[in-house]
Visitor: 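Got a structure for you, written out below as C-alpha cells; questions coming shortly.
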Amino acid sequence: MKLAIDRNPSRAGSALVSVVVLLLGILVMGYAFFRSTLSNQRSGRESLDEQRSFYLAEAGLHESFEAIRSGKSGNVGSAAEPALLGGGLLWVVATPLPDDRRSLVCTAMLGSGRNALEAVVHVAPEKPPLFTSTLNSKDVLTLNEGVMIDSFDSEKGTYASQVVNSAHGFAYAGANGDVRSNSDVILNAHGTVFGDATPGPGHSVSLATGAFVEGSVEAAQEAFVFPPIEFPVFPAQGNYTVPNLGAAALGPGNYDFDVFTINKDATLQVTGPATIVCDSFTGGKTAKLKINATNGPVTFYVRGAYTHISGFEASAVSGSPMALAFMVEGTTNVVFPNLTKVRGAYYAPNADILFASGNECWGAFAAKKISMSNDMRFHFDETLLKHWSGETGEDGDRLTVESWRKAAVTPSGLVSDRRDPTQVLHVDDEDLLSPGQSWKD
Amino acid sequence: MEGLTLPAALLALGWLALPLSAARQQGDPAEVAAFAPLVAELAGLERGLAPERAVQRIHALGSPSAGVLFDALSRDELPRTEGALVLGEREHEVLLEGAGRIGRDAFAPLWREAATDADARRRRTAIELVGRAGRPADLEIAIQAATPSADVEGDLEVDPAALPALETATSRLLTRDPGALRALRPAILHASPELSGYLIRAVGPTPDERAFLGDLLGLDAGLDLPLLSQLARVTRGQPPPFDEGLVTHVRAYLAEPDRQLARAAAMALAELQDEEALPHLLELAQGSDSALAGAAFLAMERTTGLSLPRRGERWRSWLADEQRWLAGEGARVPSLLKGNDVQRILETLREVARHRLGRQRLAPAVAQLLHHGDRLVRMEACRTLEALATPVARAALEEVRADRDAGVAAAAGRALRTLGGDPMTSPRAMPD
C-alpha cells in the first residue's frame, strides 16, 4: 500500500510557516511566563522585605520601650545614624506629649521594604506623687452623710474663684477630688465625690441612697504603698517656740527642732523652700501659720505627735500656692477640732486622722484610717501633686502602651527609592551600631 | 477686796476638789466591789490569760451579773481599788462575747430600757448586745437605740458610732437567724436614707440574702443604688450560677438613664457574670461616659474572664465570633462530649478550651469527663476547665486531685491553682 503524498508545489513550505508561527507563539508565551515569574519573584521578595521591615519596626519600638524603662528618652539612632539589626536599618524618634506620655515613631528599612510604626506610651514618673487623692486610707474609708469632695488648684487662685461647675446639687470647682482606700470605700447617703473612688484590690465601693461618684469606681490593681517617712538629718537646734501673741518668721532652709510650738494667738510665717524636722508640733489656740511657697514647698517632718488646738489655722500668703505638708510619724491620732479650716497635706501612715464637726479642708490626707463628721467639704489641692513623692509598687512597670498604629514613612523619598537602605541613607554597614548601643539620652 | 475674793474662791474650790479627785482615783468602794469579778478576769488578759478563757469565766458568772456586765460595756474604764482598768477593744470584745453566751433572757429587759436612755453609750451597748444575743424581733429595739426619735433628739446625745454598731449587730443577727430578713424588710423600706444604707450593708452573701436584695429592687427608687451596690459587694467571689430572676432584674437597670444606677448595675453584673448582658454592656462601653464605659468593660472582663484591650470594636468582633460558634459548633458540644469516640472527644475539648462564651454552661459538661475511663480524656478535661477559668467545676476538680493517674492528678492541681488566684480571670485568658 502506498501513501498518497501531496506534491502540490503551491503548498510547498507551508508546514515550515506553521512550525515557525508555533515556535514564535511558544517563544512569546515562554517569554511572558518568564517575565511573569520574574515579576512574581520580585513582588514576593518585596512583599517579604515589606513584612520583614514591619517586624524590624516592631523590634525597634520594643528597643525604645526598654530604653525608656532604663530612664532614656526613647530615641534610638536617627536617620543619619540608624541602628543595624538583622540586615536592616531602624531608628526611633521619641516626642514628649502632655501627661507623661510619649509618641514613639520607629522607621525600619530592609531590602526594598519600608515601614513605620507609631506607639503612644504612658510613662509613670519614677517616684509618683505622694498626695494623689483627697483622702487615702489603709483601712475602710467611710464618707459620711452629705460629705462632698472636689478639687481646685491653689496656684491658680482661691477655691472660691474656681467654683464654676454644678452637678448633683453641688457647686464645685474641679473633678479631681479622688478618694481611695486599700480596703472598701463606703459613701453614706448623699456622699458626693467629684473624682474617682478607688477601693483596694478585691474590694468595692458601696453607695448609699443619693451617693454620687463622678469618675471611676473600679478597684485598684495594686494596693497603695504607704512608704515609711524618711527623716532628713540636720543639725539639732533645740526647741522652737513662738510665744503667746508673738510673731516670728522662718526663712528658706533646713531646720531640726525638738518641740515646735506656735502658742496662743501667735503668728509664724515660713518661707519655702523649707524643711523643718521636729519631735512634736503644736498649733496653739487661734494661732496662725502663714506659708509662702512661691519659691518652693514647706515640709514639716514630725517624729511624734501633731497637736491641733481649736482655732489654729494654716494658710498661704497672698499669691502663694498652699504647698505645705506635715509628715507625721507618730501613732497619736491627728485630731482636727470643731469648726477648723484645714489647709495643706497631711501624711500620717501610723495614725488615724479625725475631723470633728464643722471642718472644711483644702488639701489632701493620707492615714491609717480617716473619720469625719457629716456634711464636711474636702477640696483636693492639685498643687500638691507637684511636690512630695511616694513609691512605686513592687514589680510595677512604669511604661504602658496606650496605642500603636502603622504610620507613614517619612520622608516619602524613602518609599520611592527602593535601593538598598545603606545606599539610600548614604551610610556604611561597618560604621553602624546595634539598637542597644544606639539609645539616646 | 475683789482681787482677794477670786483667788480665795479658787483655793476653796481646789480644797473641795481634792478629796473628790482622790475618791475618784481610788474608786467608789461599792462600784469597785461590783465590778471586781469582771476586773479580775480582764486584768488576767494583761498577765497572758487567753481571751477565750476570760470569756468562759465571764460566761460562768451567769445571769446575775447581767446588770454589771451591761454597765461595764457602757464604760471606757472600770474602777478598781487603785486607779482604773482601761477597757480597750480586746477587753470590750471579751465582755461582749461573755455577755452573748449568757444569753438573751438576762439582757432583754436591760436593752429594752437602754434603747431610750439619754446615755449614748448605754444605747450602743443595747445595740451590740442585740447583735450578740438577740432574736429577729429585737432588731426593732436596736434600730430604736440607734435612732433617737426626732421629738426627743434634743435631749439625747447623738452617737456617731451607733449606726456602724447597728450594721454589725444586724449582720450578726442575720448570720445567726436568716429569719431576721423578714424583720429587716420593713426596717429598710421605712428608714431614713442614712439608716437604710447601714441596714442594706448588713445583708450578707447567702443566696437567700441576695434574693432579698433583689426583691427590694424597684420598690423605692432611692434604695436601688445601695441595693445594686450591695449586690455587687456580696456576690464578689461567689461561684455561679446565680438566680436567673435576680440577674434579669439587675440587667434591666443597664438601660437606666441615671448613670449612677446603670454603672452600679454593670458592677453588679460583673460579679453575677451575666453573658446575656454582654451586648448591652458593649453598648455602654462604647459610650462617651468614660466612668460608665470603664464599669461596662470591667463587667465584660469578669463575665468572660478575658483581658482584651478596652476597645469597643475589639470586643464586638470577639462577641460576634463567639456567638457564631456557640450557635453552630458550640451547640453540638454537649452531644459530642457524650460520644464514645475518644479522638472526637479530645478534639471537642480542645475546641471548647478556645472559647469563653457559654463557659458556665459548658463547664459542667466538661466536668463530667473528669471521670471518663480514658486517662487522656480526663487530662484534657482538666486542661479545658483550666482554660475556661470558671469556678463552676472546682468541686469536681478537687475530687480528681486524687486520681489514680499521676498525670491527671497533676493536671487537676494545675487547674485548681489557676482557679485559686482570681477565679474569674486566668493568665491564659489573653488571646489578643
Visitor: For A:Gln221, look at atom CD and say whether over 12 heavy atoms of other residues, nucleotides or ligands are found less than 6.0 Å away.
Guide: no
Visitor: Given the options A:Val205, A:Thr142, A:Val217, which has more heavy-atom pairs under 4.5 Å with chain B than any of the others?
Guide: A:Val217
Visitor: Take atom CZ of A:Phe54 as the centre, draw a 6.0 Å sphere, and report whether it contains more than 12 heavy atoms from other residues, nucleotides or ligands.
Guide: yes
Visitor: Side chain, backbone, both or neither: which part of A:Ser204 has a non-hydrogen atom closer than 4.5 Å to chain B?
Guide: side chain
Visitor: Nearest 0.5 Å please: distance from the OG atom of A:Ser206 over to the CG atom of B:Leu225.
Guide: 9.0 Å
Visitor: To the nearest 0.5 Å, how far apart are CG in A:Asp184 and CZ in B:Arg233?
Guide: 4.5 Å
Visitor: Say you draw a straight line from CD of B:Gln260 to CG of A:Leu187; how long is it, rounded to the nearest 0.5 Å?
Guide: 9.0 Å
Visitor: Taking side chain as C-beta onward, heavy atoms only, is B:Arg201 less than 4.5 Å from A:Asn188?
Guide: yes
Visitor: Just how far is it from atom OG1 of A:Thr209 to atom CG of B:Leu195, taken to the nearest 0.5 Å?
Guide: 10.5 Å
Visitor: Take B:Arg302 and A:Glu218 through the salt bridge (Lys or Arg N to Asp or Glu O under 4.0 Å) test and state the conclusion after the steps.
Guide: CA-CA 12 Å; B:Arg302 286 271 173 81; A:Glu218 286 183 50; over 6 Å; no
Visitor: Mark yes or no for whether A:Glu145, through its side chain, and B:Glu194, through its backbone, hold a donor-acceptor pair below 3.5 Å.
Guide: no
Visitor: Hey, what do you get for OG (A:Ser216) to CG (B:Leu298), rounding to the nearest 0.5 Å?
Guide: 8.5 Å
Visitor: Where does B:Ile200 contact chain A at under 4.5 Å (heavy atoms): side chain, backbone, both or neither?
Guide: neither
Visitor: Assess whether side-chain contact (heavy atoms from CB on, under 4.5 Å) is satisfied between B:Arg259 and A:Glu214, documenting all intermediate values.
Guide: CA-CA 10 Å; B:Arg259 65 191 280 269; A:Glu214 170 72 30; 4.3 Å; yes
Visitor: Check each atom of B:Ala295 against the heavy atoms of chain A and say whether the ones under 4.5 Å are side chain, backbone, both or neither.
Guide: backbone
